[in-house]
Each structure stands twice: as structure tokens, then as C-alpha cells.
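Chain identifiers are assigned alphabetically (A, B, ...) following the order of the sequence lines, protein sequences preceding nucleic acid strands; residue numbering begins at 1 within each chain.
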Amino acid sequence: MNSTQLNSKIPSDFIREIIDEDLKMEKGEGRLATRFPPEPNGYLHIGHAKSVCLNFGIAAQYGGACNLRLDDTDPQGESLEYVESIMDDIHWLGFDWGNRLYYASDYFEKLYWFACELITAGKAYVCSLNADEIREYRGTFTDPGRESPYRNRSVEENLDLFARMRAGEFKDGAHVVRAKIDMNSPNIVMRDPVIYRIKREPHYRTGGQWVIYPMYDFAHCLSDAIEGITHSICTLEFENNRPLYDWIVEQLIETGRPKQIEFARLNLSYTVLSKRMLIALVQNGYVKGWDDPRMPTVAGMRRRGYTPESIRNFCAVIGVAKKDNLVDISVLEHCVREDLNEGAPRAMAVLRPLRVVIDNYPEGQVEEFEFANHPQKPELGTRTVPFARVLYIERDDFQENPPGKYKRLAPGREVRLRNAYVIRYERMVKDEATGEVVELHCTYDAETRNGPPPDGRKVKGVIHWVSAMHAIPAEIRIYDRLFRVPDPAGEEGQFTDYLNPESLEILTSCRLEPSLKETAPGKAFQFERLGYFCADSKDFRPERPVFNRVAALRDSWGKIADRE
RNA sequence: UGGGGCGUCGUCAAGCGGUAAGACACAGGAUUUUGGUUCCUGCAUUCGGAGGUUCGAAUCCUCCCGCCCCAGCCA
């Protein structure tokens, strides 16, 4: 993928304006460098994708580079599995960091000496207050904080204590290092923020080598500086931290100071994008894993059948601004449909089969029809579909008492079997006990194979079908979304996210046309009138394929029914 | 409550003193052997509100209102 392709759909935004301005002033000698800095404590989700597209996209647009940096400064919850998934997902999305793969944990030694430098300059000190005391001393929104009694320890004592913290002489929480800034600052972030803490937790990369770890505010800006990042793009909630970011950089970095720019993170309707929530869904077994097709993770969406192109396009379409937003899920779905419509082969499938016997079709006869795989794209080829006396059609395609605008099969009506004959309703067979329609008897019009009825009568409805004896059984999973609903226990207007326990629906009784036997894992089809489905690449079994629904043709499964 | 941000169509989002782009959604219509696709058409006399400056304001000024973020030894 070259940069022009990536840029083709990227609109201008306020970040690019800032960059243009900076470049004009020759900040960083006109060079541009960004970075994507996830913490490896979970999988990437669609919100991260927005950041990936932004950071890599901008770098590409300006002929700069984007680093991948794992922001692993807190061993809690971090793991190699997450690092690997992050790298996978970025590549899958179509971006590449080349040889610029970095880890904040690789800077631990440098960061330690930066902290020493701060201490030597009298700009940081070892504080021996405990967590509760620090909170208390910090003050509140309205009340200024109080200076720690340890604030004026000598440089020598601080250096000595810090070295012994590193050496593991103290237990967790006994001391922290704090930047000496301003306990009266109206910005709480600036009230002598903690920059180092003692934490005896094995780090997935450095193991037990360190017992002290730098805090985000200290590590992030310096990592940016070390890597020569010019523009450090992050989300809005870090706006309060920018003064601290700048403060630390100013104390320790002479030239090539990075600049932080904030943008609004993505919120998607009906979708959980809080990492905390996603971790809980996985850990509590609500889903089968991070790549469960119900998850809004890149891995989940990939397995479900989303294409990288559609996600990139979505990120371009929603734009980048500083306003809190809630993007409607229909935008995302439109983007997949738009992409899939282009190249997804069409096929026929029956999700809830209703048996249909064509009474006037010769018993034992089988016709082999050749159908185009795509109505507008002959280059996508054809496939062969058998037609026989006994068929299955979709249960919804027959209505005993058809509502107003219903176009399909009903008593006394005709309907077109897609790509095949027009059939006429003759009679129905009901289950005596339940009253449910279990079988239909119809007659076909042999004249209608390749065109409309010669007598000029109009047949509006077109339905899909499969030959009962040839159809292959398959499983199809149709997912509901993760719902955001009013919290029953909360106050009015309070919302909580949860996964509808019914949201995974497996229909084992569905039947697919035989050509789908050759389906490749990960390949998406449009099951005509049912939507786009993707052969699950993880659970793939050729003899009984599992299809995930990627998106409905229209915006919801119930839409067609709603109209009737 | 102190500080930091943000308010343009149902939802995103352009606009940067010259008279409200675009996308999704929605509503009509045309073509269609997918209720798909495609194609037309409609959809903010108004930019959170009120004043003011100006020939002219979404854009500048003043005040007000609303929403979000910050009191982790998370990021």
C-alpha cells in the first residue's frame, strides 16, 4: 500500500493545520515524526484504529515516519500476547512501522538517569508519604495542596534514596519520586506529580530487573523526545497533562522538543469501547476471547469479516476533531457494505428453511444452472447451482396473511425464484399440532427460466432458494450488538454497557447452495437479501462451514419484516 | 466548586468577516430476476442563548447557558 492510496480519502483537519504551521516555522527542521503508543494490556479496538490511521496516515502524508511504541511502563496486566496482537492488527489494517519498533521499557535505564538529573537540579525529590497521605496533601479542586514534609530533602539524600529504591531496599509504596512543581497550581496534575513508584511485579520484558517503574507522565514525553517524535498525538483526556508534559521536556531536553496535540477519542453507538469493560468481557467469559466476532476489537472485526479497507475508510469518514462524539454504528456498517458490495460474490442461502415441492416438476430431474457471481461484475465469474423438485426457501418468504407491501409468496400468488423459474402457490401443509406451515406445494412456469412470463403478467417478488437434496448444511452466526442500556440500578440518565447474553445466535438448520462448499476461510459472501456473511477463519470446517454475519444489506435484520 | 477543553442538521463534520460543503440516517421517485446495487430529488433563512462591533458575523467582542476531562504510587 503506497501513501497516495492511504491518503486518498483523508480529509484535512485541525491537526494537519497545526502541523502545517509548525513545519512552516521549521519545527524539527521541517521533519515530521509521529508514534502510535499502545499499552500492551489488551487488544486494539476500533477506537485504536482511529489513532493508528491518524498517526500513520499523517506521517505518510507528510513524508515522515510513524513509530510503534509499546508503552509498557506498568507491568500490571501487560503481556507478550498483547504485543503480538497489536503488531498483527496494525499490519492487518495496512500500516507498517518498518524498523521503528520501540518499547518504553527499553528506556528504563535512560529514564532513571533523567530522573536523577531532575533530582540533581533540585526539581524532584523522594517523598515518603504513603498513598493516602499524598492524596490528602494534594488538596482538592477548590483547596490548594500542601507541600510534603519531604519536599526539601537534600539532593544527596534524594539521590541516595532513589538509588536504594532502585536497588530494592524498600517495600512497595514506601517511597515515590515526585517532580517539584507547585502544590498551589490550579491544575492538580502539576501538584508535585509522582514520577516513579516502587512496584514488585515481574515485567513481561524486563522480568525482575526493575522494582521501580516510571509513571506515564514522566516516561511518555521523554520517550517521545528520545525517539525524535515531533508531534505526539493523544486523546483529549490528556489535555490536563500537557503542562506537565511540557514542563518535563523543558527541564531535560534541549533541542527537538516534541509537541502534544489532543483529539477526541471515538465513541460508537451500541458499542463498548472501554478497555476496562472489554477486559472484563474476556476475563469473565462473556465472550470467547479478544477475537470473538462480537467484540469491537480489530481482531474480532477481522474474524467477523470486516475488511481493513472498510475500517480505514470509516476512520477517514468520521474525521478528527476535539468535540466529544458518538458516531452512529450505521456509519461503520455503511463502510463495510460499501466495500463488500464491490467484490463479494453473491450466493444463495436459506437460514430458516421452508420445504417447497414443485408439483409439476419431474421427479428425479435435476437441472444445472450457471449463475453470475455478481450482477454487475461478470469478471467475478459464474458458479453452477442445481435445481430440483424439492427446494427450500426462506420461511419469511412465504406469508399466509401477507401485509400491505409484501412482494413475495403468499396464497394465490406467484414469485420468482432468483435466477430460475416463476412459481405459483398451490397449497400449504400445516403441522396439525402447532398449526405451523411445514411445507408448500407450488407449480412452476417452464417459460420463465430466462425472462418474464410471455403473457406479460408481472411478478414482482424475487426470492432465493436451494435444492433440498443438494444443499449443504452450515452454521450461521448472527450477532446483535453490544448494547448500551440505562443502568437499572443507576440514576436516571446513567448508562451501562453490557453484552446481550442472547447475542450469539447459531442457526444450525440453515442450508447453503452447494457452490459454497469451496468457501475459503475469511472470505465474505453476500447471501442475497440476507446480508454479508464471512466464513469464519478460526472455526473453519469445510464440511460444515461457519459463517458470521458481517452486516445486513439494510441497516438491521428486522428492517424488511418491519415494513410488512 | 478551582482549572482545562468543547458547543454548526437526528449523528459525524467542513467553514477561519462576504452571506451554511460533504457523509451517514431519513423521505420520495427511476432502473433492477437481490425489498441489494446504481441513479435522481428533498432534508440547518441558520450555526447553544442574549447583547454588541461591522455595509456585512457561524466566524470578532461581552455576558450567560450546557456538556466533557482532572483530586491513581493507571495510561
Side-chain angles (χ1 to χ4, degrees), chain A residues 11-13 17 37-39 41 71-74 76-77 127 129-131 134-136 138-145 172-178 185-191 193-199 212-213 215-217 219-220 234-243 262 264 266-267 269 275-276 316-335 337-338 341-342 346 348 371 374-376 405-408 416-422 448 450-452 459-464 526-532 552-555 559-560 563-564:
Chain A
S12 70
D13 58 59
E17 277 176 34
E39 184 188 10
N41 65 347
D71 208 358
D72 51 2
T73 55
D74 180 0
Q76 175 85 249
C127 179
L129 256 22
N130 66 35
I134 286 182
R135 187 182 317 118
E136 205 181 306
R138 188 153 34 219
T140 66
F141 292 148
T142 44
D143 303 319
D172 290 12
H175 308 281
V176 294
V177 178
R178 295 226 255 165
S185 172
N187 181 356
I188 291 178
V189 172
M190 298 299 272
R191 319 239 258 233
V194 173
I195 59 174
Y196 260 96
R197 78 285 212 177
I198 304 172
K199 197 163 189 167
I212 57 170
Y213 293 96
M215 298 288 291
Y216 164 87
D217 285 306
H220 201 94
C234 66
T235 44
L236 244 31
E237 66 269 26
F238 291 104
E239 261 173 332
N240 296 316
N241 301 51
R242 190 173 58 218
E262 310 86 6
L266 169 71
N267 294 296
S269 63
K275 212 171 201 178
R276 208 197 105 247
V317 160
I318 57 174
V320 178
K322 296 194 77 163
K323 190 177 65 169
D324 288 330
N325 59 74
L326 181 62
V327 176
D328 198 279
I329 189 81
S330 66
V331 180
L332 212 211
E333 296 191 332
H334 168 263
C335 289
R337 273 191 244 118
E338 184 183 45
N341 176 49
E342 287 289 314
R346 273 88 234 252
M348 292 194 288
F371 298 154
H374 190 113
Q376 283 85 29
K405 290 176 178 168
Y406 193 74
K407 298 202 295 195
R408 287 162 276 156
R416 156 82 59 186
L417 294 177
R418 173 125 166 100
N419 283 128
Y421 305 105
V422 168
T448 55
N450 288 311
V459 179
K460 263 278 198 181
V462 179
I463 64 174
H464 48 166
Q526 186 194 94
F527 291 154
E528 290 164 337
R529 253 200 51 241
L530 294 177
Y532 296 99
L553 253 31
R554 315 217 70 214
D555 77 338
K559 189 73 181 207
I560 294 169
R563 289 202 164 185
E564 294 161 355

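- Across all strands shown, rG2(B) forms a Watson-Crick or G-U wobble pair with rC70(B), both key distances being under 3.5 Å.
- Nucleotides rU59(B) and rU54(B), compared at atom P, are 16 Å apart to the nearest Å.
- Taking atom P on both rC68(B) and rG56(B), the two are 38 Å apart, rounded to the nearest angstrom.
- Distance I188(A) CD1 to rG3(B) P: 12 Å, rounded to the nearest Å.
- rG17(B) makes up no base pair with any nucleotide shown, lacking Watson-Crick or G-U wobble contacts both under 3.5 Å.
- Put simply, the side chain of Q376(A) and the base of rU38(B) share no donor and acceptor less than 3.5 Å apart.
- D13(A) places its CG atom 11 Å from the C1' atom of rA13(B), with the value rounded to the nearest Å.
- Atom-to-atom, CG of L236(A) to P of rC69(B) comes out at 10 Å; the value is rounded to the nearest Å.
- Rounded to whole Å, the C1' atom of rG2(B) lies 41 Å from the corresponding atom of rA25(B).
- Remark: side-chain polar atoms of R408(A) are not paired, donor with acceptor, to backbone N or O of I463(A) under 3.5 angstrom.
- For R416(A), taking side-chain heavy atoms from C-beta onward, the closest of the listed nucleotides rU33(B), rA14(B), rG35(B) is rU33(B).
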Protein-nucleotides 72-75 of chain B N/O pairs closer than 3.5 Å?
from, atom 1, to, atom 2, distance (Å)
rG72(B), OP2, R135(A), NE, 3.1
rG72(B), OP2, R138(A), NH2, 3.3
rC73(B), OP1, R138(A), NH2, 3.3
rC73(B), OP2, R138(A), NH1, 3.0
rC73(B), N4, L129(A), O, 3.1
rC73(B), N4, A131(A), N, 3.0
rC73(B), N4, G173(A), O, 3.0
rC74(B), OP2, R197(A), NE, 3.2
rC74(B), OP2, R197(A), NH2, 3.0
rC74(B), OP2, K199(A), NZ, 3.4
rC74(B), O3', R197(A), NH2, 3.2
rC74(B), O2', D74(A), OD2, 3.2
rA75(B), OP1, T73(A), OG1, 2.8
rA75(B), OP1, R197(A), NH1, 3.4
rA75(B), OP1, R197(A), NH2, 3.0
rA75(B), OP2, Y216(A), N, 2.9
rA75(B), O3', D71(A), OD2, 3.0

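- Ring-base stacking between F141(A) and rC70(B) is satisfied, the centre separation being under 5.5 Å and the plane angle under 30°.
- With hydrogens and angles ignored, no donor-acceptor pair under 3.5 angstrom links the side chain of R529(A) to the base of rU34(B).
- Nearest heavy-atom pair across V459(A) and R416(A) is CG1-N, 3.6 Å.
- Within the structure, a side-chain polar atom (N or O) of K323(A) is placed less than 4.0 Å from OP1 or OP2 of rA13(B).
- Annotated as syn: rG72(B), whose glycosidic dihedral is within 90° of 0.
- In terms of polar N and O atoms assigned as donor or acceptor, the side chain of R337(A) never comes within less than 3.5 Å of the base of rG36(B) in a complementary pairing.
- With C1' as the reference atom, rC24(B) and rC63(B) are 37 Å apart, rounded to whole Å.
- rU37(B) is unpaired under the criterion used here, namely a Watson-Crick or G-U wobble arrangement in which both key atom distances are under 3.5 Å.
- Contact annotation for N419(A): base contact, defined as any heavy-atom pair under 4.0 Å involving a base atom.
- With a 4.5 Å cut-off on side-chain heavy atoms, R197(A) and Y213(A) count as touching.
- For S330(A), the side-chain atoms get nearest to rC24(B) when compared with the rest of rA14(B), rG5(B), rC24(B).
- In this structure, L332(A) atom CG and rU11(B) atom P are separated by 18 Å, rounded to whole Å.
- Counting non-hydrogen atoms under 4.0 angstrom, E136(A) reaches nothing in the nucleic acid.
- Applying the side chain to side chain contact (heavy atoms under 4.5 Å, CB included) rule to N187(A) yields the partners S185(A), V189(A), M190(A), N240(A), P243(A); only residues at least two apart in sequence or on another chain are considered.
- Straight-line distance between the C1' atoms of rG4(B) and rA27(B): roughly 43 Å, to the nearest whole Å.
- Each of Q526(A) and E17(A) was matched to the nucleotide of RNA chain B holding its nearest heavy atom; the match closer to the 5' end belongs to E17(A).
- Rounded to a whole Å, the CG atom of D324(A) is 8 Å from the C1' atom of rC69(B).
- When the C1' atom of rA25(B) is taken as reference, atom CD1 of I318(A) falls 16 Å away, rounded to whole Å.
- Using N1 to N3 plus N6-O4 or O6-N4 for Watson-Crick, or N1-O2 and O6-N3 for G-U wobble, each under 3.5 Å, rC63(B) pairs with rG49(B).
- Between the side chain of T140(A) and the main chain of T142(A), a donor-acceptor pair closer than 3.5 Å is present.
- As rounded to whole Å, 11 Å separates atom P of rA13(B) from atom CG of L326(A).
- With sequence neighbours excluded, the residues satisfying side chain to side chain contact (heavy atoms under 4.5 Å, CB included) with R178(A) are Y125(A), C127(A), L129(A), I134(A), S148(A), V176(A), M183(A), D192(A), V194(A).
- rG10(B) and rA44(B) have their C1' atoms separated by 12 Å, given to the nearest Å.
- N240(A) contributes a side-chain N or O that forms a donor-acceptor pair with the base of rG3(B) under 3.5 Å.
- For a distance-only test at 3.5 Å, the side chain of E239(A) fails to qualify as a donor-acceptor partner of the base of rC68(B).
- One interatomic measurement links the two molecules: CZ of F527(A) to P of rU37(B), which rounds to 18 Å at whole-angstrom precision.
- As judged by a 4.0 angstrom heavy-atom cut-off over every strand, Q76(A) is placed among residues making no nucleic acid contact.
- Evaluation of the side-chain hydrogen bond (donor to acceptor under 3.5 Å, both in side chains) rule for N450(A) yields no partner, not counting sequence neighbours.
- Here the closest non-hydrogen pair linking F141(A) and I188(A) is CD2-CD1, 3.3 Å.
- Applying the salt bridge (charged side-chain N to carboxylate O under 4.0 Å, His left out) test to R346(A) and every residue at least two apart in sequence or in another chain returns nothing.
- Applying the ring pair (Phe, Tyr, Trp, His ring centres under 6.0 Å) test to H464(A) and every residue at least two apart in sequence or in another chain returns nothing.
- When Watson-Crick and G-U wobble pairs are counted only if both distances are under 3.5 Å, rG42(B) pairs with rC26(B).
- Distance check on atom P: rA13(B) versus rU53(B) gives 34 Å, rounded to whole Å.
- Within 4.0 Å (heavy atoms only), G461(A) reaches no atom of the nucleic acid at all.
- One finds a side-chain N or O of H334(A) lying less than 4.0 angstrom from the OP1 or OP2 phosphate oxygen of rC24(B).
- Using P as the reference atom, rG36(B) and rC43(B) are 24 Å apart when rounded to the nearest Å.
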